[in-house]
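Note that these values count all heavy atoms, side chains included, but never hydrogens, waters or copies made by symmetry. Starting from 1, each residue takes its place in the sequence as its number.
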Amino acid sequence: MDTHYLERRGEIETYFDRTAADAWARLTSDAPVGRVRASVRAGRDRMRGTLLSWLPGDLRGRRVLDAGCGTGALAVEAARRGAEVLAIDLSPTLVDLARERMPRLDSGGSIEFRAGDMLDPALGRFDHVVGMDSLIHYEPADAVGVLAQLAERTRHSVVFTFAPSNPALQLMKAVGKLFPRGNRSPSIVPVAEQRLYRLIDAHPRLLDWDVRRSQRVSGGFYTSQALELVRP
């Protein structure tokens, strides 16, 4: 495993499991929030809907990996379509919250929540992988390396999000560096869409995968872009 990836993974785990756990729990609930967080919540809802719309409507008999599941909202919707979902996140605190929030499923689908690394080969093989805002903190080359490892264990599609490079995101990243290190969240790493395509096209483990769809969700303080990789 790449050393830079492991270091970054550790920073992300610490942030979401300790520093931001309470704020994240509130953001992903129905509790009232301020204007900034409300726009982030709305953007995440739209993005979740986009990624789910790229999966089959009927997921019975399909195994889905929710890579970076957070509090489990996407996993629940996939399971309601009949999927067997393995939902994993680096934060044990958020995974525990996801278990607490899990509703009764009457569709034949199921969810197994785990705390751990989405690249653990012991997780097995999947029909579809979803990574919503779980790669946006990694350098582009590292993120594509993660995608390649996930794709090796995936039969049909990998859908994920990245932070599209734009002046607003670059400014936010620069301002974030002004805060003391202990108060910073792991910075989002913007990447130009064409650069990401080039990295994907050049990766030897992704040669038999094609980019099918791309869609940006932007509003208020949330900007993210969805991308779909499929086996032709």
What side-chain donor-acceptor pairs closer than 3.5 Å can you find for residues 45-55, not counting sequence neighbours?
| unit_1 | atom_1 | unit_2 | atom_2 | d |
| --- | --- | --- | --- | --- |
| D45 | OD1 | R48 | NH1 | 3.0 |
| T50 | OG1 | R46 | O | 3.1 |
| S53 | OG | T50 | O | 2.6 |

Report task. For Y138, enumerate each residue passing the ring pair (Phe, Tyr, Trp, His ring centres under 6.0 Å) test, keeping only those at least two apart in sequence or located in another chain. Result -> Y5
Query raised in the report: Do the side chain of S157 and the main chain of V230 share a donor and acceptor less than 3.5 angstrom apart?
Result: no
**Report entry** Residues, nucleotides or ligands: over 12 heavy atoms within 6.0 Å of R125 CZ
**Finding:** yes
Report summary line: For D106, the side chain to side chain contact (heavy atoms under 4.5 Å, CB included) test, sequence neighbours excluded, returns R104
Report task. Answer yes or no: is there an ion pair linking D133 with R44, defined by an N-O contact shorter than 4.0 Å? Result -> yes
Requested in this report: Might you work through the salt bridge (charged side-chain N to carboxylate O under 4.0 Å, His left out) test for D58 and R81, ending with a clear yes or no?
Outcome: CA-CA 5 Å; D58 184 351; R81 298 186 190 179; over 6 Å; no
**Report entry** R37 atom CZ, over 12 foreign heavy atoms within 6.0 Å
**Finding:** no
Report task. Would you indicate whether R213, at its atom CZ, is surrounded by more than 12 heavy atoms from other residues, nucleotides or ligands within a distance under 6.0 Å? Result -> yes
Report summary line: With sequence neighbours left out, the residues meeting salt bridge (charged side-chain N to carboxylate O under 4.0 Å, His left out) with E112 are R114
Query raised in the report: For H156, what residues pass the ring pair (Phe, Tyr, Trp, His ring centres under 6.0 Å) criterion, not counting sequence neighbours?
Result: H128
Requested in this report: Under the side chain to side chain contact (heavy atoms under 4.5 Å, CB included) rule, collect the residues that match up with R63, sequence neighbours excluded.
Outcome: E84, L86, F126, D127
Query raised in the report: Is the side chain of D89 donor-acceptor paired with the backbone N or O of G70 at a distance under 3.5 Å, no angle test?
Result: yes
Report task. Kindly indicate whether the side chain of H137, heavy atoms from C-beta on, has any atom under 4.5 Å from the side chain of I188. Result -> yes
Query raised in the report: Between V40 and V33, is there a shared hydrophobic cluster once you connect ILVMFWY residues whose side-chain heavy atoms come closer than 4.5 Å?
Result: no
Query - Short side-chain donor-acceptor distance under 3.5 Å, T28 and R101 - result: yes
**Report entry** D201 with R198: basic N within carboxylate O range, under 4.0 Å
**Finding:** no
Query raised in the report: Can a donor-acceptor pair be found between the side chains of E193 and S214 at a distance below 3.5 Å?
Result: yes
Query raised in the report: Using 4.0 Å as the upper bound for N to carboxylate O, is an ion pair formed by D208 and R231?
Result: yes
